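The structure presented is a predicted model; accordingly, all values stated were derived computationally and were not measured. Along the sequence shown, the residues carry numbers beginning at 1.
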Amino acid sequence: MSFKAAAVQMCSGVDPAKNAAAMARLVREAAAQGATYVQTPEMTGMLQRDRAAARAVLADEAHDIIVKTGSELAVELGIHMHVGSTAIALADGKIANRGFLFGPDGRILNRYDKIHMFDVDLDNGESWRESAAYTAGSEARVLSLPFAEIGFAICYDVRFPALFRAQAMAGAEVMTVPAAFTKQTGEAHWEILLRARAIENGVFVIAAAQAGRHEDGRETFGHSMIIDPWGTVLASAGATGAAVIVAEIDPAAVKAAHDKIPNLRNGREFSVEKIAGAVAGGVAA
């Protein structure tokens, strides 16, 4: 059956309570537009580059205000509520970049810890070492819901197509990519990566993003998107500011895409052999 999905775009600051209130306002707006599945961005609860300051306000899962608010909103609005991710304090002193999907009864139906850590040095001088503070996840998930099979990813995961192919092979019809893409990388690759993951797997992609200049000084790309299995952008937000985008998701379109281009069925096992190129005095055997 088809359903209406929403991606909530935010500009999260350093105060989890304020971010929870902003999330609640936007999620209620999405539900008022008829959305029964609502997704928020990566790091909904806090974007804070000062790790000492972040640790001072982090909570474990049982006491996290974003987890509590997400569960309450699911019950209040009778929706499937997907907190794209938030920072969760772990017992060993590290942090999980963890997403949650709540059912309409408020129960956690799925947790997903971001697998691929954003450890990069960009041309504009930005340097990120996510692995210095966060514990990487190790388990991909596909969740069976009454209306669709849902796969999970977070931000940098989108650059690892094997994760998406594995979920597609496991039956995922909708891939979720909540994110806090940097402005530089977003301008270069955000849309093309999301559309590629949709096209090569014949699935819907829903990607709620952080957007604009944040309190901690970073700038994120925005442009939250919902994309269909043929790669068509069904809905898109702007570069800055809070927003709600909504689109109709019909899982039958996934089957139609797979029938037209059955690459999931046509894939074959193969080996890779590395061979030498030309050498002085002749050609390598």
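Remark: Lys114 NZ to Asp157 CG distance equals 6.5 Å, nearest 0.5 Å. Atom CG of Leu47 sits about 4.5 Å away from atom CZ of Arg218, to the nearest 0.5 Å. A distance of 11.5 Å separates CZ in Phe152 from CG in Leu163, rounded to the nearest 0.5 Å. With rounding to the nearest 0.5 angstrom, the CG atom of Asp60 is 13.0 Å from the CD1 atom of Ile95. For the atom pair His223 NE2 and Met225 CE, the distance stands at 6.5 Å (nearest 0.5 Å). The distance from atom CZ of Arg141 to atom CZ of Arg111, rounded to the nearest 0.5 Å, is 8.5 Å.
No more than 12 heavy atoms of other residues, nucleotides or ligands sit less than 6.0 Å from atom NZ of Lys68.
Ring orientation note: the planes of Phe160 and Tyr156 are nearly perpendicular, at an angle over 60° on the 30°/60° scale.
Glu219 has its side chain out of reach of Thr182: every pair of non-hydrogen atoms, C-beta onward, lies at least 4.5 Å apart. Residues Leu90 and Glu61 fail the side-chain proximity criterion, which asks for heavy atoms closer than 4.5 Å. Residues Leu194 and Ile192 form no side-chain contact, since every pair of their non-hydrogen atoms from C-beta on lies 4.5 Å or further apart. Glu139 has its side chain out of reach of Asp113: every pair of non-hydrogen atoms, C-beta onward, lies at least 4.5 Å apart. When side chains are defined from C-beta on, Tyr112 counts as touching Ile154, because their heavy atoms get closer than 4.5 Å. Between Glu215 and Gln48, every side-chain heavy-atom pair lies at or beyond the 4.5 Å cut-off. Side chains of Asp250 and Glu248 form no contact here, defined as non-hydrogen atoms less than 4.5 Å apart. Side-chain contact check for Thr185 versus Arg159: some heavy-atom pair is nearer than 4.5 Å.
Placement of Ile88 and Tyr134 in two distinct hydrophobic clusters is found when ILVMFWY residues are connected by side-chain heavy-atom separations under 4.5 Å, directly or transitively. Val254 is connected to Leu143 through a chain of hydrophobic side-chain contacts under 4.5 Å among Ile, Leu, Val, Met, Phe, Trp and Tyr, so both are in one cluster. Using a 4.5 Å cut-off between side-chain heavy atoms of Ile, Leu, Val, Met, Phe, Trp and Tyr, with links allowed through other members, Phe164 and Ile150 fall into the same hydrophobic cluster. No continuous path of hydrophobic side-chain contacts links Val83 to Ile206 [ILVMFWY only; heavy atoms under 4.5 Å]. Phe100 and Leu77 end up in the same hydrophobic cluster when Ile, Leu, Val, Met, Phe, Trp and Tyr side chains are linked at under 4.5 Å.
The salt bridge (charged side-chain N to carboxylate O under 4.0 Å, His left out) search around Arg197 returns Glu200, not counting sequence neighbours.
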Check residues 170-179 and write down every donor-acceptor pair under 3.5 Å in which the side-chain atom is one partner and the other belongs to a residue at least two apart or another chain.
residue	atom	partner	partner atom	Å
Glu173	OE1	Glu149	N	2.9
Thr176	OG1	Gly151	O	2.8

Side chains of residues 14-24: which donor-acceptor pairs under 3.5 Å do they make with residues two or more places apart or in other chains?
residue	atom	partner	partner atom	Å
Asp15	OD1	Ala17	N	2.9
Asn19	OD1	Gly13	N	2.9
Asn19	ND2	Gly13	O	3.1
Asn19	ND2	Asp15	O	3.1
Asn19	ND2	Gly45	O	2.7

Side-chain donor-acceptor pairs under 3.5 Å in residues 265-276, sequence neighbours left out?
residue	atom	partner	partner atom	Å
Asn266	ND2	Pro262	O	3.4

Would you give me the side-chain donor-acceptor pairs under 3.5 Å for residues 226-246, sequence neighbours excluded?
residue	atom	partner	partner atom	Å
Asp228	OD1	Trp230	N	2.9
Asp228	OD1	Gly231	N	3.1
Asp228	OD1	Thr232	N	2.9

Next item on the list: Could you walk me through whether Ile79 and Tyr37 pass the side chain to side chain contact (heavy atoms under 4.5 Å, CB included) test, one step at a time?
Entry: CA-CA 6 Å; Ile79 62 173; Tyr37 162 91; over 6 Å; no
Next item on the list: Kindly determine whether Phe3 and Met1 satisfy side chain to side chain contact (heavy atoms under 4.5 Å, CB included), including the steps that lead there.
Entry: CA-CA 7 Å; Phe3 65 100; Met1 73 182 98; 5.7 Å; no
Next item on the list: Before giving the answer on side chain to side chain contact (heavy atoms under 4.5 Å, CB included), spell out for Asp216 and Asp50 the whole-Å C-alpha distance, their side-chain angles and the decisive distance to 0.1 Å.
Entry: CA-CA 8 Å; Asp216 71 346; Asp50 184 329; over 6 Å; no
Next item on the list: Using the side chain to side chain contact (heavy atoms under 4.5 Å, CB included) rule, take Thr86 and Met46 through it: C-alpha gap first, then chi angles, then the decisive distance, then the call.
Entry: CA-CA 7 Å; Thr86 197; Met46 178 173 53; over 6 Å; no
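Considering every non-hydrogen atom in both Gln210 and Ala180, the closest pair reads CG-CB, 3.7 Å. Nearest heavy atom pair, residue Cys155 against residue Phe181, reads SG-CD1, 3.6 Å. Heavy atoms only, all atoms of each residue included: Leu264 and Asn201 are closest at CD1-O, 4.0 Å. A pairwise comparison of heavy atoms in Phe102 and Val67 identifies CZ-O, 3.5 Å as the closest pair. Heavy atoms only, all atoms of each residue included: Ser85 and Asn97 are closest at OG-OD1, 2.6 Å. Between Ser224 and Ala7 the shortest heavy-atom distance is CB-CB, 4.5 Å.
In summary, Arg107 and Asp105 engage in a salt bridge, as defined by a charged side-chain N under 4.0 Å from a carboxylate O.
Counting only residues at least two apart or in different chains, ring-ring contact (aromatic ring centres under 6.0 Å, His included) contacts with residues 54-81 comprise His80-Phe147.
At distances below 3.5 Å, at least one donor-acceptor pair connects side-chain atoms of Thr44 with backbone N or O atoms of Pro41. Remark: side-chain polar atoms of His82 are not paired, donor with acceptor, to backbone N or O of Thr40 under 3.5 angstrom.
Applying side chain to side chain donor-acceptor pair (under 3.5 Å) to Thr220 and the options Glu42, Gln9, His214 leaves one that passes, His214.
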